[in-house]
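Start at 1 and go down the list; that is how both ligands and their atoms are numbered. Just so we're clear, the structure is a prediction, and the values are computed from it rather than from any experiment. The figures that follow rest on heavy atoms only: side chains count, while hydrogens, waters and symmetry mates do not.
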Amino acid sequence: MSFLHNKNILLGVTGGIAAYKSLTLVRRLKEQGANVQVVMTEAAQEFIRPLSFQALSGNTVHLSLLDPAAEAAMGHIELARWADLIVIAPATANSMARLANGEANDLLSTLCLASKAPLAIAPAMNQAMWANTATQENLQILQQRQVVILGPVAGEQACGDVGDGRMMEADEIVEKIQQLFSHQALSGVRVLVTAGPTREAIDPVRYLSNHSSGKMGYAVAQAALEAGASVELVSGPCALSADKRIRLYRIESAEDMLQAVHENLAQVDIFIAVAAVADYRPQQVAVQKIKKQAGSMSIELIRNPDILASVAALENKPFCVGFAAETEKLEQHARLKLQQKKLDMVVANRVDKSDSGFNSEYNSVTVIWDKGSKVFEKTTKSRLATDLIALIAGHFKQQKK
Ligand code: PMT
């Protein structure tokens, strides 16, 4: 599986002859498993029809800031939040100037201002325009703002000139984008993640469980992998598949998860417990399917072991990160779990909203540790996981010092 698997890439196409190469770029990104949304400027539409991008990306192309139909489907702010990365290819001299100036007078420029996603541009223009002081000054401004510059490369140009200004080929751009997603903050580090729900059997056909989809835990495992860690994932029942490089253990119940975690703890440096483990299980599992009876019935529940607390209590404990799913008093309850379970960090997750948390593509959390906290606003779980891993890696390294 590629580093781009399930990544949300917003491709901005501006008005240059190299726009035809962006069609190949969309194909290559899709081949790598990325989700691609295309935004075209008015000038870009003079070179390529939006329908071509629609066919290749599988999504309606976004053309205008003031299109009520488009806004009703996926509004520009939603699109800005959706993106894990914005790539502008080709980026003309004009679009670079507008970015450097912070203009917001069309959809693409507005998205660049509204999104917190990293921005990469693949400049393409006549060699004299590229060499012009104005363009070079704009380039410097963009570099200072951490915009990733992909190219341009030297060669023969559409206008007959020879020199710097050709847009990078699609394959090269994809390779660079892959590198952006694979920073090596956890190189040589072993990470164990739990994900998904547990199922606590009542009888052979029934169980107690919860709404965890596994999305957050799998995203955390993937982000740790992309940061260079070797990753093991103990997962409750869910429909997701993991990257081939992640060692995956599928389990059912909390007791299974406890066993799988402790069997795989040797040499683990960081333990991240994202799983929504059932706190209770039926005291007795009926051997046969329980038959309906007149009137009500009750099931005696007993406490499940606390997997995270059991790991954090070990003498040679790894760096322990818990998630705390809360519906009220978020920080207060999460901080209590940090202390009671003796954790290094806790990710406080508000789970009373339908558009984030359990079984959603999105999440918003507050990470809490002994002497501080950091809020992460609502974003995709994939992007959040990358940010969380970067934060966890920083604290882990500090503790090791
Ligand atoms: O799977 P998704 O649909 O993507 O949803 C993600 C999520 C909402 C499940 C996730 O972000 C989350 O908040 N996970 C923690 C859920 C939870 O069980 O929270 P808790 O407050 O009950 O538990 C606190 C911590 O102790 C958690 O790290 C949990 O894994 C751990 N725990 C809890 C009980 C138990 N018996 N053993 C444990 O290890």
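Inclusion of Asn349 in the set of residues having an N or O under 3.5 Å from an N or O of ligand 1 is warranted. Residue Leu308 has at least one nitrogen or oxygen atom sitting less than 3.5 Å from a nitrogen or oxygen atom of ligand 1, judged on distance alone. For ligand 1, one of its N or O atoms has an N or O atom of Gly214 under 3.5 Å away. The shortest N/O to N/O separation between Asn359 and ligand 1 falls below 3.5 Å.
The two residues Asn138 and Ala100 come nearest to each other via the heavy atoms OD1-CB, 3.6 Å. Nearest heavy-atom pair, Pro282 versus Ile202, reported as atom, atom and distance to 0.1 Å: CG-CG1, 3.9 Å.
Here atom 17 (C) of ligand 1 lies nearest to Ala325 when heavy atoms of Ala325, Pro305, Ala195 are compared. For atom 33 (C) of ligand 1, the nearest non-hydrogen atom from the set Met216, His333, Lys341 belongs to Lys341. For atom 3 (O) of ligand 1, the candidate residues are Pro197, Ala385, Ser213, Ser356; the nearest heavy-atom contact is made by Ser213.
Of all protein heavy atoms, the one lying nearest to atom 14 (N) of ligand 1 is Val274 O, 2.8 Å.
Summarising the local packing, CZ of Arg250 is surrounded by more than 12 heavy atoms from other residues, nucleotides or ligands at distances under 6.0 Å. Enclosure of atom NZ in Lys176 is not indicated, since only 12 or fewer non-hydrogen atoms of other residues, nucleotides or ligands lie within 6.0 angstrom.
Ion pairing between a basic and an acidic side chain is recognised when a charged N comes within 4.0 Å of a carboxylate O; Arg383 and Glu361 show no such pairing.
Using a 4.0 angstrom heavy-atom cutoff, Lys381 counts as in contact with ligand 1. Heavy-atom distances between Ala275 and ligand 1 reach below 4.0 Å in at least one pair. Residue contacts with ligand 1 do not include Gly196, since none of its heavy atoms lies under 4.0 Å from the ligand. Residue-ligand proximity: Gly217 is placed with every non-hydrogen atom at 4.0 Å or more from ligand 1. Heavy atoms of Met257 stay at 4.0 angstrom or farther from ligand 1.
Under a 3.5 Å cut-off, the side chain of Arg350 and the backbone N or O of Thr327 do form a donor-acceptor pair. Between the side chain of Asn101 and the backbone N or O of Arg98, no donor-acceptor pair lies under 3.5 Å.
Interface of Lys337 with ligand 1, defined as ligand atoms under 4.0 Å from a residue heavy atom, comprises 20 (P), 21 (O). Close approach to Ala273 involves these atoms of ligand 1, each under 4.0 Å from a residue heavy atom: 27 (C), 28 (O), 30 (O). Near Gly322, the atoms of ligand 1 lying under 4.0 angstrom from a non-hydrogen atom of the residue are 28 (O).
Just one of Ile121, Leu108, Val147 meets the side-chain contact (heavy atoms from CB on, under 4.5 Å) condition when paired with Leu99; it is Ile121.
With rounding to the nearest 0.5 Å, the separation of CE in Met216 from CD1 in Ile272 is 9.5 Å.
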Practice item. Determine, step by step, whether Gln157 and Gln127 satisfy the side chain to side chain donor-acceptor pair (under 3.5 Å) criterion, reporting the C-alpha distance in whole Å, the side-chain angles of both residues, the deciding distance to 0.1 Å, and the verdict. Key: CA-CA 8 Å; Gln157 304 200 290; Gln127 52 84 24; 5.3 Å; no
